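Written out below as C-alpha cells is the structure these notes cover.
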Protein chains: 2
Amino acid sequence: MPIATDPLSRSFFALADPTRRRLLELLGRGTASVNELAERFDMSRPAISQHLKVLEDAGLISRTKAGQYRTCELRPEGLSEAEAWVIEHRALWQARFDQLDEVIRGQQLPAHPEEEL
Amino acid sequence: MPIATDPLSRSFFALADPTRRRLLELLGRGTASVNELAERFDMSRPAISQHLKVLEDAGLISRTKAGQYRTCELRPEGLSEAEAWVIEHRALWQARFDQLDEVIRGQQLPAHPEEEL
DNA sequence: CGAATATGTAAGTAATTACTTACGCATTCG
DNA sequence: CGAATGCGTAAGTAATTACTTACATATTCG
C-alpha cells in the first residue's frame with residue numbers, strides 16, 4: 001500500500017491478515033495485555049506488537065497504558081466504515097443483478113438456456 | 001501478504017486499495033472491457049489489468065473473453081464472505097459493549113470516574 | 001536502588017506490491 | 001495476408017510487509 005493511504009483502505013488492509021483477524025477475535029472476548037495476546041501465537045512478541053499497531057492505526061483497537069501493562073481493547077466503531085462500504089455495495093450490486101434477471105426473464109429468453117457445459 | 005493466503009484475506013486485501021474499489025464501483029454500473037475501465041484512470045493499462053487480476057483472484061469479478069475484448073463483470077457473491085465476517089463481528093462486539101455498559105451502570109460505579117488526565 | 005516484567009522501536013532480511021515499459025498473442029478488418 | 005486493436009504477461013524498480021533479534025524504556029517489587 002502506498003503511503004498516505006485512506007482510512008477505508010487501512011481498515012480493509014488491517015483485516016486482510018489472519019493473525020490480525022484472530023487478534024480481533026481474541027479481543028472480542030475481552031480486553032487483554034499485549035503479552036496475553038502474544039502467548040496465543042507462534043510468533044515473536046514484537047511481531048504481535050506490530051500487528052497491533054496496524055490494527056490501532058486502522059482504528060480497530062485502542063491500547064491504553066495501565067500501569068506496567070498495555071490494555072488492548074476492541075473499538076467496534078472502527079469497523080463501521082468498512083461495514084458500511086461492504087453492505088452498501090453488496091446491496092446495490094445485488095439489486096442490479098436482480099434487475100438484470102427481470103430483464104432477461106420478461107423480455108427475451110436465452111436461446112440455449114444451458115449452453116454452458 | 002504471504003503466499004497461500006486464505007480467501008477471506010484475499011477479499012479484504014483486494015478491497016484495501018482505492019483503485020480497485022473504484023474499479024468495482026465502475027463495474028457496479030455495468031460490465032465493461034478492460035480498456036473502457038483503464039481509460040478512467042491515470043495509470044497504464046497493464047496496471048489496471050493487474051488490479052483486475054487481484055479482483056478476479058479474490059472472486060470479486062469475472063473476466064470472460066468476448067471476441068477481441070474481455071468483458072469484466074461484477075460477482076456480488078464474491079463479497080459474501082467478507083460481508084458476513086464484518087457484519088457478524090460488528091454485531092458481536094457491539095453486543096458485548098452494550099453488555100459492558102449495563103454492567104457498569106447496574107453494578108458498580110467506578111471509584112474515580114475520571115482519574116485519567 | 002536493582003532485578004524482573006511488559007512493551008515499543010530500531011535494524012536487517014526475504015517476500016510482496018504497485019507501477020512502468022517492452023513484448024507476444026489473438027481477433028478484426030481493409 | 002498484414003496492420004490495428006485489445007489485452008495479458010515478463011522484467012525491472014522502488015516502496016512496503018512481515019518477520020526476526022537486539023536494545024531502550026517504563027513500572028513493579030523485594
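Remember, predicted model here, so these are calculated numbers, not experimental data. Here is how names work: the chains are called A, B, and so on, in the same order as the sequence lines, proteins then strands, and each is numbered from 1.
Computed from coordinates, the A:I48 CD1 to C:dG8 P distance equals 11 Å when rounded to whole Å. A straight line from CD of A:E56 to P of C:dT7 spans 13 Å, rounded to a whole angstrom. The CZ atom of A:F41 sits 17 Å away from the C1' atom of D:dT20 (whole-angstrom rounding). Per the geometry, CZ belonging to A:F13 stands 14 Å off P belonging to C:dT16, to the nearest Å. The separation between B:I61 atom CD1 and D:dC7 atom P is 12 Å, rounded to whole Å. C:dT28 atom C1' lies 9 Å from atom OH of B:Y69, rounded to whole Å. Distance, A:D17 CG to D:dC19 P: 6 Å, rounded to whole Å. Separating the CG atom of B:L55 from the P atom of D:dG8 is a distance of 12 Å, rounded to the nearest angstrom.
Dashed line: the shortest gap from a side-chain N or O of B:S44 to OP1 or OP2 of C:dT20 is under 4.0 Å. A close approach under 4.0 Å does not occur between any side-chain nitrogen or oxygen of B:H51 and OP1 or OP2 of C:dT17. OP1 and OP2 of D:dG6 both lie 4.0 Å or more from every side-chain N or O belonging to B:S33. Put simply, B:R45 has no side-chain N or O that comes within less than 4.0 Å of OP1 or OP2 on C:dT20. The side chain of A:R70 contributes no N or O atom lying less than 4.0 Å from OP1 or OP2 of D:dT27. An OP1 or OP2 oxygen of C:dG8 is reached within less than 4.0 angstrom by no side-chain nitrogen or oxygen of A:K65. OP1 or OP2 of C:dG8 has at least one side-chain nitrogen or oxygen of A:S49 nearer than 4.0 Å. Distances shown here put every side-chain N or O of A:N35 at or beyond 4.0 Å from the OP1 or OP2 atom of C:dT5.
Residue A:Q50 places a side-chain atom within donor-acceptor reach of the base of D:dT20, judged by atom type and a 3.5 Å distance cut-off alone.
In this structure, A:Q68 and A:R63 both approach DNA chain C, and ranking their closest nucleotides by distance from the 5' end singles out A:Q68. Mapping B:P46 and A:M43 onto DNA chain D via the closest heavy atom, the residue that lands nearer the 5' end is B:P46. The 5' end of DNA chain D is approached more closely, in terms of each residue's nearest nucleotide, by A:D42 than by the other of A:D42 and A:A66.
Here the side chains of A:T71 and A:K65 are not in contact, with every heavy-atom distance at 4.5 Å or above.
Salt bridge annotation for B:D6-B:R10: absent, with no cationic side-chain nitrogen under 4.0 angstrom from a carboxylate oxygen. Residues B:D17 and B:R22 are not paired through a salt bridge, judged by the lack of any N-O separation under 4.0 Å between the basic side chain and the carboxylate.
Cation-pi geometry between B:R20 and B:F13 is met: the NZ or CZ atom falls under 6.0 Å from the ring centre, inside 45° of the normal.
Between B:W85 and B:H89, the ring planes are parallel. Angles under 30° get that label, and only those over 60° would be called perpendicular.
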